[in-house]
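What follows is a set of notes on a single structure, which appears directly below.
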Amino acid sequence: MRNILLGLLLSALLPRVASTAEGRLTITGSSTVSPVVAEIAKRFEAKHPGVRVDVQTGGSSRGVTDALSGLADIGMVSRALKADEQVVAHLLARDGVAMIVHRDNPVTALSKEQVIGIYSGSIADWLAVGGTARPITVVNKAEGRSTLELFCHHFALKNSAIKAKVVIGDNEQGVKTVAGNPGAIGYVSIGTAQVGIEAGVAIRMLPMDGITASTAHVRDGTWPLSRPLNLVTKGEPSGLVKDFLALACSKDVDDLIVDLALVPPTR
């Protein structure tokens, strides 16, 4: 009896490894990808009674790590894969990253040099970039977030050099932070920002290189900072994982992708 109790205790303490044998799928990773995957999961569960899909966020790095370790059946990654990431990518959609400010901020555009100045701390007041006198609240993404990697790469910044006053995790948190602070500036998924703006949230996206931030410009390839949204697996999928990906990567979910202001891939 003592051995049985010990075994039960140890199994409770060990990390739960993803398993499809119980009719359950675990999907973890990017907060940009998670909203559409959560909607796809509902559709998948309706087609597969008894199956449950658990969708968790935590960043693209977590998605890759969990898929490789077996803690997740599928990882969510909102960027292209790196050369050393030995997972199989399944393209779900495309998205862009845009700078956002409060809706009442009079600044309508920032140059690349101005964004670098703001995030490196050499520009600390909106008056210096054509706005009204107000301290700038720099909102940055946390480590492990692909949006941070893309932002730093595009603006040739090192995260260690960014003078952030607020560090956030997912895109929704970034939108809420900027909407609640007239002096804030951040960067988030265009899809998340557009959905928020359409719902009346007090933010505005800034153009980049003279191009308006929109899903239309992500779609036509003119937006300077766009990215693939991937689902990743350790090796080729089978069973429920294969069935889920067959749905997620089909035209049958294009309506869900479009509803969340993302761009379906060319199929």
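Quantities reported herein were computed from a predicted structural model and do not represent experimental measurements.
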**OP:** Write down the atom of Val129, the atom of Gln114, and the distance for their closest heavy-atom approach.
**Re:** CG1-NE2, 3.7 Å
Original post:
Which pair of heavy atoms, one from Leu262 and one from Gly191, lies closest together, and at what distance?
Top reply: CD2-CA, 4.2 Å
Original post:
Does the Glu85 side chain pair with the main chain of Leu81, one donor and one acceptor, at a distance under 3.5 Å?
Top reply: no
**OP:** On the 0 to 90° scale, with breaks at 30° and 60°, tag the Phe44-Phe244 ring pair as parallel, tilted or perpendicular.
**Re:** perpendicular
Original post:
What is the distance from atom CD of Gln194 to atom CE of Met205, rounded to the nearest 0.5 Å?
Top reply: 5.0 Å
Original post:
Do the side-chain N and O atoms of Thr212 and His217 include a donor-acceptor pair separated by under 3.5 angstrom?
Top reply: no
Original post:
Are a donor atom and an acceptor atom from the side chains of Gln56 and Asp54 found within less than 3.5 Å of each other?
Top reply: yes
**OP:** Return yes if a side-chain donor-acceptor contact under 3.5 Å exists between Thr147 and Arg227, otherwise no.
**Re:** yes
**OP:** Look at the side chain of Asp170 and the backbone N and O of Gln173, then say whether any donor-acceptor pair between them is shorter than 3.5 Å.
**Re:** yes
Subject >> Electrostatic pair Arg43:Asp255 at N-O distance under 4.0 angstrom >> reply: yes
Original post:
So, Asn171 and Lys176: side-chain donor and acceptor under 3.5 Å apart, yes or no?
Top reply: no
Original post:
Short question: side chain of Asp220, backbone of Thr222 - any donor-acceptor pair under 3.5 Å?
Top reply: yes
**OP:** Among Ser146, Ser78, Ser189, find the one that has a side chain to side chain donor-acceptor pair (under 3.5 Å) with Ser30.
**Re:** Ser78
Original post:
Taking the side chain from Arg24 and the backbone from Val53, do they hold a donor-acceptor pair closer than 3.5 Å?
Top reply: no
**OP:** Could you tell me whether Glu45 and Lys42 have a side-chain N and a carboxylate O separated by less than 4.0 Å?
**Re:** no
